[in-house]
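Below, chains carry the letters A, B, ... as their sequence lines are ordered, and counting in each starts from 1.
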Amino acid sequence: MGQSEDISDPDLIKDLALRLKGLVKRPMKFMEVCGTHTVSISRSGLRSIIPKEIELISGPGCPVCVTAQGDIDAFIETAKIPGITVTTFGDLLKVPGSSDSLAGRRAKGAQVDVVYSPVDALQLARKDRSREVVFLAVGFETTIPCIAATIKDAARDGTGNFSILPALKLMPPALEALLETDIGIDGLICPGHVSAVIGAAAYKPIAEGFGMPCVVAGFEPAEILFALILLARQVNAGRAEVENAYPRAVSWEGNGKALGIMNEVFLQCDTEWRGLGAIRQSGLALKPEYNKFDAKYRFGIETRHTPEPKGCLCGDIIKGLDIPSNCPFFASICTPVSPVGPCMVSSEGACAAYFRYETGVI
Amino acid sequence: MCLAVPMEVVEIKDGDELTSPIALVELGGIRREIRLDIVDRLPHIGDYVIVHAGFAVHSLTKDEAEESISLIRRMADGWRE
């Protein structure tokens, strides 16, 4: 499609960078909430073309990275149960739990299958009714409606050997919890595809309640630069509003159909985040009528609070308090091949993005 | 997990009471079947969809797909003057 070529036009990017430079009158620090933004910023070398006064830091928008250590341990415990096939997005496979990883369990004989979609997990359950198939449900508002639709499928045709282990997260409550502590940022680059579901309006309480400029951004470097220009303009004018720099994918009110399916199947609940701790009403649990699809009840799986790896900075990186290259483990004992924390594992993780694309420049 | 690039709809298979509507989408020669039950607006053949975990989450016409790019371009052109 032509647009990808147009948007990476070097002249356009140069113009946008110049325009941004003209707007920067003091140091500014913006958080890219979404892990896919983090990867795009690192891969495109955006840090080297934006003004030095602008600092970009990662936020809590990598679903694997924010999954609490206790949930990772519960996932690994589930893989130990005989007769269960655990299905997961690939990023979770190598995340270290307290004593093992899913990849480690698989090497020891556990049935752990990587799927691209929760529907693929349901298909596995339908194909072999003799096995219990458990889908490890991590993700934000973009992923949650996909999982809800899959649960509704299973309920509709009575697939009794399929369940999910939910560790789902909602983005606005986490951002509010984060902003209740002063993390010294001047604005938020709001996630593109989470916003396609929840709508740009979802950030209004954050812009107004915290005086925080919020701009929804697409994922191309030019689109991120455009969002930075809108943020810098807000900072200069002393405004704190929600602006949408990704109108082709994100509407003000969001995707009502996706939100409807999500609310049919799930209820808001308190949940624990890596680095951020427990946040009220920031997670989702299956509604009571769907409890038979909850692996926690089905197999009596308990999630305990377990400490994060000692010395690992993933918790601070998720909160925007530090950058990967400041971690003592970064690129030494922690690498994508042998990770200590999830930010080095996930394809959306800040440490993995820095390791792959920025180790030469930082 | 976010596939950032819209994929083109090349075929649509209607659903019934037991199955959901499905689109065959293509990007760079890769074809994939995508569920349409949570998309904001059912796409037509030739439209684009933003795909996430096997589902279309947003549907856009070719013009809409190029809209924000031309907006950025127009702004950039304005700044040059």
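- Side-chain contact between B:Phe55 and A:Thr150: present, with at least one pair of heavy atoms (C-beta onward) separated by less than 4.5 Å.
- No donor-acceptor distance shorter than 3.5 angstrom exists from the side chain of A:Lys257 to the backbone of B:Asp40, with no hydrogens or angles considered.
- Residues A:Asn255 and B:His58 have side chains not in contact (no heavy-atom distance under 4.5 Å, counting atoms from C-beta outward).
- Cation-pi geometry between B:Arg32 and A:Tyr116 is satisfied (NZ or CZ under 6.0 Å from the ring centre, within 45° of the ring normal).
- Distance OG/A:Ser251 to CZ/B:Arg41: 11.0 Å, rounded to 0.5 Å.
- Within the 4.5 Å cutoff, no side-chain heavy atoms of B:Ser20 are placed close to those of A:Lys152.
- Between A:Arg248 and B:Asp63 no salt bridge is recorded (no basic side-chain N to carboxylate O distance below 4.0 Å).
- The part of A:Asp153 that comes within reach of chain B is its side chain, from C-beta onward, which places non-hydrogen atoms under 4.5 angstrom from that chain.
- Taking every heavy atom of both residues into account, B:His52 and A:Thr142 meet most closely at CD2-O, 3.4 Å.
- Annotation: side chain of A:Pro145 is not in contact with side chain of B:Val57 (no heavy-atom distance under 4.5 Å).
- Residues A:Ser117 and B:Ile34 fail the side-chain proximity criterion, which asks for heavy atoms closer than 4.5 Å.
- If you take CD1 on B:Ile50 and CZ on A:Phe219, they are separated by 8.0 Å, rounding to the nearest 0.5 Å.
- Ranked by heavy-atom pairs under 4.5 Å with chain B, the list A:Ser346, A:Ala196, A:Ala149 is led by A:Ala149.
- When all heavy atoms of A:Pro118 and B:Ala53 are compared, the closest pair comes out as CD-O, 3.7 Å.
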